[in-house]
Protein chains: 2
Amino acid sequence: MSSDDTRGRILNAAGEVFAERGFRAATIRDICHRAEVNLASVNYYFGDKERLYVEAVRMAHPGGPDGVSVESFPEGATPEQKLRVFIRELLKRLFRAESHAWKMRLLQREILEPTPFCTDLMRTYFRAKFAQLTSILDEVLPPEMPEPRRHMIAFSIVGQCVYFRAASRVIGMVLDESEQRDYHTVDTLTDHVSGLVLAALGLAPPLGQATDDDSQALRGEREPKLAFHKKARDELKTVQE
Amino acid sequence: MSSDDTRGRILNAAGEVFAERGFRAATIRDICHRAEVNLASVNYYFGDKERLYVEAVRMAHPGGPDGVSVESFPEGATPEQKLRVFIRELLKRLFRAESHAWKMRLLQREILEPTPFCTDLMRTYFRAKFAQLTSILDEVLPPEMPEPRRHMIAFSIVGQCVYFRAASRVIGMVLDESEQRDYHTVDTLTDHVSGLVLAALGLAPPLGQATDDDSQALRGEREPKLAFHKKARDELKTVQE
DNA sequence: AATTGTTTTAAACAGGTGTTTGAAACACGC
DNA sequence: GCGTGTTTCAAACACCTGTTTAAAACAATT
């Protein structure tokens, strides 16, 4: 069994345990037990617990340890569709169930409870994702909206997605099991979060319209009714032309 | 120095340390150091670490250990105003800075990372707050909207509030200090979250209108323009009368 | 002053923790 | 087969942790 395999197993186990418990409450013994390696292996391959943690957080970043992956959009996607894709991809990563689910959970833990070890890593990651989201919002928001307010809209979008995942056990205390299973899927949450935000921006009808009406509009199958400021923006564009 | 005072100092210190670090990473020695009491005092007054934790979580609940406090609203408040008050009070508790700030942070930690010790407590608390929020939403949402979708709106509201607080250190990595200080106050976040949600529901103009226009409308100083489904609901009420 | 009950204390205990160490086992090249 | 380097291992170490203990200090009552 190659040493790369041992090192990888340690990293994977560490990622899972750090994601579940946090840096301090996670133990080297538990990690080694889960990886089925000797206790000393962590120090042999990584040096100490802190370096192991930093390496796990680096591995957790989308695009791996060298950079940030950014969603690409279908050719000719409207800004509304881009926003929907962004939200859907974020939710997919948050809710993924296969063996690398710990990656997003570890990043989420570093967002909600940062350690001092990964500040640069997290700043780089968060800024890149944030820049992408705000560039999508810039396509739909009136240019005269101040930047801080655009940022608050961006945080509201991310906050909803993260919260539905991070608080899922408490949400399970309020809702019955079938409601959470059926309504808190990636698809329904994508519809909900993007529908809510687009309605708030006047780019979709208010919540409370028929569900399939929303879905059709958001999927670009039928133009949503013009809301007031989009109409005003289009009229401004006509004047500028 | 009375024993009540010693017991209270231990509880307060424990609340702070548990809120900062979580149950497992918090230590009895650190708690006793902060409370300036002997190490054995915890076992003398509370029995063990777990019972101390449960007691701290009980103390953290608004309304104290016996019940859940519920916001009261000004006489004749519209549903929109009630929603705004609910959001504001939630944000005030999340962002409070005085010595009992640990209470909401401990509850927030139990929401985002539940322990098995407080499941009944948290279920009771969360359900009570949730019931209040959904009863406000019931006043503004069309009666034909399915309950699961109302619940999702409620979680979106709470999620934004909790996220702005829980992720404040990471948000600080993206925004410059003055932007976060000036725009992420209880007042501005109340305007933002309630404005976004009410706009999404068609009960306020879309985001992107002039700021003071929003604030005036939301403070009840001037009627917001009727949105489509509120008008429909009022017409339905007329028919039913 | 004596007795009783409560509170506080220092010290110890058993178990857990991250790290280190020297040796054994293994792999590879000559 | 030998020498060298890599990997794995059991054991130990120093320190941390929650809990317990017996005694001292304190407070209240008679």
Side-chain angles (χ1 to χ4, degrees), chain A residues 1-60 102 106 109-110 113-118, chain B residues 1-60 102 106 109-110 113-118:
Chain A
M1 187 172 292
S2 75
S3 62
D4 278 353
D5 188 50
T6 307
R7 190 177 189 281
R9 286 197 347 265
I10 294 172
L11 253 182
N12 197 69
E16 289 176 359
V17 176
F18 285 136
E20 284 165 23
R21 300 220 187 124
F23 175 79
R24 190 160 160 163
T27 71
I28 299 295
R29 280 170 173 76
D30 201 25
I31 290 168
C32 290
H33 184 265
R34 196 173 297 199
E36 295 179 339
V37 300
N38 185 262
L39 191 53
S41 302
V42 167
N43 292 78
Y44 180 81
Y45 284 102
F46 295 95
D48 58 21
K49 187 181 183 184
E50 178 182 321
R51 289 184 231 177
L52 174 62
Y53 182 78
V54 170
E55 193 61 28
V57 172
R58 285 162 61 102
M59 290 307 297
W102 64 263
L106 185 54
R109 180 176 279 278
E110 268 290 316
E113 191 182 345
T115 65
F117 315 128
C118 310
Chain B
M1 189 171 292
S2 76
S3 64
D4 277 354
D5 188 52
T6 307
R7 190 179 191 280
R9 287 197 348 265
I10 292 172
L11 252 183
N12 197 68
E16 289 176 359
V17 177
F18 285 135
E20 284 166 23
R21 299 218 187 127
F23 175 78
R24 189 159 162 167
T27 71
I28 299 295
R29 280 170 173 77
D30 201 25
I31 291 167
C32 291
H33 184 265
R34 196 173 297 200
E36 297 180 337
V37 300
N38 186 263
L39 190 54
S41 302
V42 166
N43 291 79
Y44 180 80
Y45 284 102
F46 296 94
D48 59 22
K49 187 182 183 185
E50 179 182 320
R51 289 184 230 177
L52 174 61
Y53 181 78
V54 170
E55 193 61 28
V57 173
R58 285 163 60 102
M59 290 306 298
W102 64 264
L106 185 54
R109 180 177 280 277
E110 268 291 316
E113 193 181 342
T115 64
F117 314 130
C118 312

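Keep in mind that this is a model prediction, so the values were computed, not measured. So you know, we letter chains A, B, ... as the sequences are listed, proteins then strands, and number each from 1.
Summarising the geometry, the separation between CZ on A:R24 and P on C:dG18 is reported as 11 Å, rounded to the nearest angstrom. In this structure, A:I10 places its CD1 atom 10 Å from P of D:dC9, rounding to the nearest Å. Taking atom CG on B:N38 and atom C1' on C:dT9, their separation rounds to 5 Å, with Å as the unit. In this structure, the NE2 atom of A:H33 is 13 Å from the P atom of C:dG16, given to the nearest Å. As rounded to whole Å, 9 Å separates atom P of D:dT17 from atom CZ of B:R21. Here the C1' atom of nucleotide D:dT7 and the CG atom of A:N43 are 14 Å apart, to the nearest Å. If you measure from atom CD1 of B:I28 to atom C1' of C:dA14, you get 16 Å, rounded to the nearest angstrom. Between A:K49 atom NZ and D:dC16 atom C1' the separation is 12 Å, expressed in whole Å.
With distances taken from any side-chain atom of A:T27 to the nucleotides C:dA12, C:dG18, D:dT8, the minimum falls on C:dG18. Considering only side-chain atoms of A:A40, the nucleotide from D:dT19, D:dT8, C:dT20 that sits closest is C:dT20. When each of C:dT20, C:dG18, C:dT7 is scored by its nearest atom to the side-chain atoms of B:Y45, the top-ranked nucleotide is C:dT7.
Take the nearest nucleotide of DNA chain D for A:S41 and for B:G47: the residue whose nucleotide is more 5' is A:S41.
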Going through the checks in order, is the side chain to side chain contact (heavy atoms under 4.5 Å, CB included) test met by B:K49 and B:F23? CA-CA 9 Å; B:K49 187 182 183 185; B:F23 175 78; 3.8 Å; yes
Hey, mind stepping through A:F18 and A:V57 against side chain to side chain contact (heavy atoms under 4.5 Å, CB included) and telling me if it holds? CA-CA 9 Å; A:F18 285 136; A:V57 172; over 6 Å; no
Working note: A:R7 + A:F46, criterion side chain to side chain contact (heavy atoms under 4.5 Å, CB included); need CA distance, chi angles, decisive distance, verdict. CA-CA 9 Å; A:R7 190 177 189 281; A:F46 295 95; 3.7 Å; yes
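The only member of A:D48, A:L39, A:I10 that meets side chain to side chain contact (heavy atoms under 4.5 Å, CB included) when paired with A:I28 is A:L39.
Residue B:R51 has no polar side-chain atom (N or O) positioned under 4.0 Å from OP1 or OP2 of D:dT19. Side-chain nitrogen and oxygen atoms of B:R29 include none within less than 4.0 Å of the OP1 or OP2 phosphate oxygen of D:dT19. Within the 4.0 Å cut-off from OP1 or OP2 of D:dT8, at least one side-chain nitrogen or oxygen of A:T6 is found.
Between the CD1 atom in B:I31 and the CD atom in B:E16 there is a gap of 10.5 Å [rounded to 0.5 Å].
Using a 4.0 Å heavy-atom distance criterion, A:A26 is classed as a sugar-phosphate-only contact.
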